[in-house]
Amino acid sequence: MSEKNPRFRELVEELVASIPKGRVMTYGQIAALCGHPMAARQVGGIAHFGNPDLPWQRVVNKRGGLASGFPGGREGHKQALLDEGLHVTNDYTVDIEELIWWPDR
DNA sequence: CGAGTGACCGCAA
DNA sequence: ATTGCGGCCACTC
């Protein structure tokens, strides 16, 4: 119980786990929702060391580009997104304007 | 307690 | 258009 001091890590993982299939969020966006719009770097660091069961593949940078530290590199990341039903370009980028998702809507 | 790191972001030349 | 640099936050050693 108890309100655990919500760590950045727990909060970020919570948001990532709540991303619906077919949607993507940006690091800066997640950080902003956590209350720290400039902690996008930390979000990436948590991603690499966080729970591998979470859909980090739905997390992309603001350009809609895939991350590098993903298992398999951008290839694996791209395949993972394609498996989700998302459209990925040859440049390892997704249509952020179309697939970006906000918890508000 | 101090320093280093990082799957980023934004701006300047 | 591309490249380089700094800054910010939280976590780890």
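Just so it is clear: chains get the letters A, B, ... in the order the sequence lines come, proteins before strands, and each one is counted from 1. Heavy atoms only: backbone and side chains are in, while hydrogens, waters and symmetry mates are out.
- Residues A:His77 and A:Tyr92 place their aromatic rings such that the two centres sit no closer than 6.0 Å.
- A:Arg41 contributes a side-chain N or O that forms a donor-acceptor pair with the base of C:dC8 under 3.5 Å.
- Here the P atom of nucleotide C:dC9 and the CZ atom of A:Phe8 are 11 Å apart, to the nearest Å.
- Residue A:Met38 contributes atom CE, which lies 19 Å from atom C1' of C:dC11 at whole-angstrom precision.
- A donor-acceptor pair is defined here as one N or O able to donate and one able to accept, closer than 3.5 Å; no such pair exists between the side chain of A:Trp102 and the backbone of A:Gln29.
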Show the numbers, then the answer: is there a side chain to side chain contact (heavy atoms under 4.5 Å, CB included) between A:Val88 and A:Thr93?
CA-CA 6 Å; A:Val88 184; A:Thr93 48; over 6 Å; no
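- Put simply, CD1 on A:Ile30 is 15 Å from P on B:dA7, counting in whole angstrom units.
- In this structure, CD1 of A:Ile46 is placed 13 Å from P of B:dC8, rounded to the nearest angstrom.
- Atom CZ in A:Arg74 sits roughly 13 Å away from atom C1' in B:dC8 (whole-Å rounding).
- For A:Gln42, whose side chain is taken as the heavy atoms from C-beta onward, the closest listed nucleotide among B:dG6, B:dC8, C:dC8 is B:dG6.
- OP1 or OP2 of C:dC9 has not a single side-chain nitrogen or oxygen of A:Arg7 nearer than 4.0 Å.
- If you measure from atom CD of A:Gln57 to atom C1' of B:dA7, you get 13 Å, rounded to the nearest angstrom.
- Residue A:Gly44 is classed as a base contact, given a heavy-atom separation below 4.0 Å to a base.
- The hydrophobic clustering, which links ILVMFWY residues whose side-chain heavy atoms are closer than 4.5 Å, places A:Leu86 and A:Leu82 together.
- One interatomic measurement links the two molecules: NZ of A:Lys62 to P of B:dC11, which rounds to 10 Å at whole-angstrom precision.
- Candidate nucleotides B:dA7, C:dA10, B:dC8 were compared by shortest atom distance to the side chain of A:His36, and C:dA10 ranks first.
- Spacing between atom CG of A:Asn61 and atom P of B:dA7 amounts to 13 Å, rounded to whole angstrom units.
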